[in-house]
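Reading through the structure tokens given below for one structure.
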Amino acid sequence: MKSIINTIFTAAAVIGLIGCAAAPDNSEARAPEPQSELQAEQPPDIQPNEATGDLSIYCFKIGKADAFLFQTENGSVLLDCGEDDDADEIVEYLEDNNIDSLDYIIISHFDKDHVGGAAEVLNSVSIGAVITPNYTETNDEYKAFIAALKSNGVSQTALSDTYTFTLDDVSFALLPPLSSDYSEEKDNNSSLALSVFHGENSFFFTGDAMDERIAELLSYGDISHTLLKMPHHGIYSDGLKALVEAVSPQYAIITSSDKNPEDEKTLALLENEGVETYLTREGDISILSDGKTISIKQ
């Protein structure tokens, strides 16, 4: 893990990747310019900050959809916003916890079960910045998201390069897709991956990455993390075993529902690897890190 951590932040400092990303004109969705000869950077290697406070991660039970709230001592980040119908639950949770602003909203990709609730969240709380992968979509949920960005005067940072930021003692590193042309499942394979580092603990969120995107993540080398958010709602694919072995997590989270449960083969893989697994279809999940230990409640 430490080798992945240091190179990302070192490279960002040296070549100015922090904040260096395309921001599409939100008034008119345009396809990003194709990129050629995209390759993985050197394995990211961030020196984690010494933990001086707690990091909490709240995993919403919203069916076969993703929404995760990260809270540091003074900051907050929302990764994905579920479907349109899930927005009320997300906004209610923010209100109940006296959160009237978010430093960042990160949208891993533009499928409706990740971007669907974003418009309402944007209309409900103050947002510092919005980060997305660098492509556009045509579905209604994406159009509502773009309209909400425009009406609230929030800019969209569409990533083509690694992007890092720090809130208090927590470091965040976003790894964008390395291709603009996947042979199948372009939306899923265009997922941003998010690494979160807090002291000795680390958390890896992989969106809906499928085999082509998983191969890209593996190309970074050491991607070991304490916790892995399993890609694509626990649907099994050929690349999943290699991913779990490379990440070597102690814990895994799967976002699934009773109607759309995770694959049994995925659960068997995690069990065989000795991974303690939590399913959002069994309830909301609260994760607390003090930088050395992790506690998980459901």
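Quick note: residue numbers are just sequence positions, from 1.
A donor-acceptor contact shorter than 3.5 Å is absent between the side chain of Asp54 and the backbone of Leu288. Of the possible polar contacts, none joining the Asp103 side chain to the Gly128 backbone as a donor-acceptor pair under 3.5 Å is found.
Remark: of the listed residues Asp113, Asn260, Asp263, Asp113 is the sole one forming a side-chain hydrogen bond (donor to acceptor under 3.5 Å, both in side chains) with His233. A side chain to side chain contact (heavy atoms under 4.5 Å, CB included) with Met230 holds for exactly one of Ile254, Thr206, Ile235; it is Ile254. Exactly one of Arg213, His232, His114 qualifies for a side-chain hydrogen bond (donor to acceptor under 3.5 Å, both in side chains) with Asp208. That residue is His114. Among Gln250, Glu200, His198, the single residue meeting the side chain to side chain contact (heavy atoms under 4.5 Å, CB included) criterion with Thr226 is Gln250.
The distance from the CG atom of Asn134 to the OG atom of Ser180 is 9.0 Å, given to the nearest 0.5 Å. To the nearest 0.5 Å, the span separating CG on Asp168 from OG1 on Thr52 amounts to 7.0 Å.
Both Phe205 and Leu159 belong to a single network of hydrophobic side chains, linked directly or stepwise wherever heavy atoms of I, L, V, M, F, W or Y lie under 4.5 Å apart. Transitive grouping of hydrophobic side chains (ILVMFWY, heavy atoms separated by less than 4.5 Å) keeps Met210 and Val244 in distinct clusters.
At most 12 non-hydrogen atoms from other residues, nucleotides or ligands lie less than 6.0 angstrom from CD of Glu271.
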| task | Take Glu262 and Arg281 through the test salt bridge (charged side-chain N to carboxylate O under 4.0 Å, His left out) and record every step on the way to the result. | result | CA-CA 9 Å; Glu262 63 290 334; Arg281 67 181 175 88; 2.8 Å; yes
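Side-chain atoms of Leu102 and Leu69, non-hydrogen and from C-beta on, do get closer than 4.5 Å to each other.
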